K.L.:
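Got a structure for you, questions after.
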Amino acid sequence: MYHTLLIIHSYWRWVVLISLLLAIYKSYFGWKNQLNFTKNDNLLRHLTATILHIQLILGLMLYSLSPLVKYFYQDFIHAIHLREIRFFGMEHIFVMILAVVIITIGSIKVKRIIDDNQKFKTMFWYYLIGLLLILTSIPWSFSPLISRPLFRN
């Protein structure tokens with residue numbers, strides 16, 4: 001189960017990144033061109049947040065099964081000094097939850113705003129900040145700190 005979740009979580013990140021990039025692009029374009037916030041824009045806002053929440057659920061399930069995380073809690077004093085163990089035991093989950101919270105707050109705010117231009121602007125900034133946090137905590141294959149494959153088998 002752990003390996004299957006790891007693969008799903010790894011591939012689903014691309015869906016998260018694509019949907020966030022699309023939502024950020026669309027919200028920036030709508031904001032700068034003072035467009036109307038349409039049903040499709042609202043659907044994109046909601047769908048992106050939903051995709052992110054699915055990734056969060058997958059990540060929390062993975063976190064509860066991870067041998068790295070289990071080791072992190074079993075031998076905390078030693079594990080906190082090991083970069084890879086600390087990253088997956090503490091840093092990754094903290095930053096990712098923070099990103100989900102920020103994007104969720106932005107999504108909720110957008111839903112409550114009446115002015116279309118303000119909706120686009122709010123969505124742009126909250127989703128962009130969330131994306132930047134996410135990008136800092138993905139274990140990229142090219143990272144000198146924590147490296148994982150871009151696509152798992």
Side-chain angles (χ1 to χ4, degrees), residues 1-31 37-73 76 79-80 83-143 145-152:
M1 173 129 172
Y2 171 74
H3 187 67
T4 303
L5 273 174
L6 192 59
I7 291 170
I8 294 168
H9 186 69
S10 176
Y11 278 91
W12 193 254
R13 76 171 151 190
W14 297 107
V15 178
V16 169
L17 292 174
I18 290 166
S19 66
L20 272 171
L21 288 170
L22 184 61
I24 290 166
Y25 170 78
K26 184 70 173 101
S27 60
Y28 183 79
F29 188 79
W31 171 31
F37 196 86
T38 66
K39 287 184 180 182
N40 285 338
D41 298 320
N42 193 52
L43 178 64
L44 180 60
R45 172 202 61 82
H46 180 70
L47 187 61
T48 300
T50 302
I51 288 168
L52 194 67
H53 289 131
I54 290 168
Q55 181 72 333
L56 175 65
I57 292 167
L58 291 169
L60 290 173
M61 290 169 51
L62 195 57
Y63 189 80
S64 70
L65 298 172
S66 171
L68 293 174
V69 173
K70 286 179 184 172
Y71 176 73
F72 177 74
Y73 286 109
F76 181 79
I80 196 77
R83 175 79 181 127
E84 182 178 357
I85 306 296
R86 184 180 65 242
F87 177 80
F88 288 109
M90 185 173 64
E91 297 167 6
H92 180 71
I93 192 166
F94 176 77
V95 175
M96 292 303 189
I97 288 175
L98 180 62
V100 171
V101 167
I102 288 170
I103 291 169
T104 302
I105 289 170
S107 180
I108 291 167
K109 282 181 167 248
V110 168
K111 209 164 56 168
R112 295 180 179 166
I113 295 172
I114 295 170
D115 179 63
D116 287 347
N117 200 44
Q118 193 62 37
K119 284 183 181 216
F120 281 124
K121 183 179 178 182
T122 301
M123 187 168 138
F124 172 77
W125 284 114
Y126 277 86
Y127 280 38
L128 179 64
I129 291 167
L131 174 63
L132 293 174
L133 285 169
I134 288 168
L135 290 174
T136 66
S137 287
I138 291 176
W140 296 105
S141 63
F142 50 82
S143 173
L145 302 173
I146 298 298
S147 180
R148 292 292 186 269
L150 293 178
F151 298 97
R152 288 188 176 268

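Please read these numbers as outputs of a predicted model, since none were measured by experiment.
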K.L.:
Aromatic rings His92 and Phe87: how do their planes relate, parallel, tilted or perpendicular, breaks at 30° and 60°?
P.N.:
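Tilted: the ring planes of His92 and Phe87 meet at 30° to 60°.
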K.L.:
Measuring from Ile24:CD1 to Tyr126:OH, what's the distance to the nearest 0.5 Å?
P.N.:
14.5 Å
K.L.:
Do the side chains of Met1 and Met61 get nearer than 4.5 Å, heavy atoms only?
P.N.:
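Yes, their side chains come closer than 4.5 Å.
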K.L.:
First locate atom CG of Asp116, then atom CH2 of Trp31, and finally report the distance between them rounded to the nearest 0.5 Å.
P.N.:
15.0 Å
K.L.:
With the side chain counted from C-beta on, respond yes when Val16 and Trp12 share a heavy-atom pair under 4.5 Å apart, and no when they do not.
P.N.:
yes
K.L.:
If you look at every heavy atom in Ile134 and Ala99, which pair is closest and at what distance?
P.N.:
CG1-CB, 3.6 Å
K.L.:
Which pair of heavy atoms, one from Ser19 and one from Thr48, lies closest together, and at what distance?
P.N.:
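Closest approach of Ser19 to Thr48: O-OG1, 3.5 Å.
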K.L.:
For the CG atom of Asn42 and the NZ atom of Lys119, what is their distance to the nearest 0.5 Å?
P.N.:
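Asn42 atom CG to Lys119 atom NZ measures 6.0 Å (nearest 0.5 Å).
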K.L.:
Which atoms form the tightest heavy-atom contact between Tyr2 and Ser66, and what is the distance?
P.N.:
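Between these two residues, the closest heavy atoms are CE1-CA, 3.5 Å.
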K.L.:
What's the separation between atom CD1 in Ile102 and atom CG in Leu133, rounded to the nearest 0.5 Å?
P.N.:
5.0 Å
K.L.:
Let me confirm one number: the CG-CG distance from Leu20 to Leu131, rounded to the nearest 0.5 Å.
P.N.:
5.5 Å
K.L.:
Using side chain to side chain contact (heavy atoms under 4.5 Å, CB included) as the criterion, list what pairs up with Thr136, not counting sequence neighbours.
P.N.:
Val95
K.L.:
With side chain to side chain contact (heavy atoms under 4.5 Å, CB included) as the criterion, how do Gln55 and Ile51 come out once you've worked through the C-alpha distance, each side chain's angles and the decisive distance to 0.1 Å?
P.N.:
CA-CA 6 Å; Gln55 181 72 333; Ile51 288 168; 5.9 Å; no
K.L.:
Mind checking whether Phe72 and Phe76 have parallel, tilted or perpendicular rings, split at 30° and 60°?
P.N.:
perpendicular
K.L.:
At what distance, to the nearest 0.5 angstrom, does CZ of Phe37 lie from NZ of Lys26?
P.N.:
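Nearest 0.5 Å value for the CZ-NZ distance: 9.0 Å.
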K.L.:
Check this for me: Tyr28, atom OH, are more than 12 non-hydrogen atoms of other residues, nucleotides or ligands nearer than 6.0 Å?
P.N.:
no
K.L.:
Is the shortest heavy-atom distance from the side chain of His53 to the side chain of Thr104 under 4.5 Å?
P.N.:
yes
K.L.:
For Ile114, is the CD1 atom crowded, meaning more than 12 foreign heavy atoms sit under 6.0 Å from it?
P.N.:
no
K.L.:
Give me the atom names and distance for the closest heavy-atom approach of Tyr127 to Ser107.
P.N.:
OH-CB, 3.6 Å
K.L.:
Kindly indicate whether the side chain of Phe88, heavy atoms from C-beta on, has any atom under 4.5 Å from the side chain of Ile93.
P.N.:
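The answer is no, as the side chains (C-beta and beyond) never meet within the 4.5 Å cut-off.
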K.L.:
Please lay out, stage by stage, how His9 and Arg152 fare under the test side chain to side chain contact (heavy atoms under 4.5 Å, CB included).
P.N.:
CA-CA 10 Å; His9 186 69; Arg152 288 188 176 268; over 6 Å; no
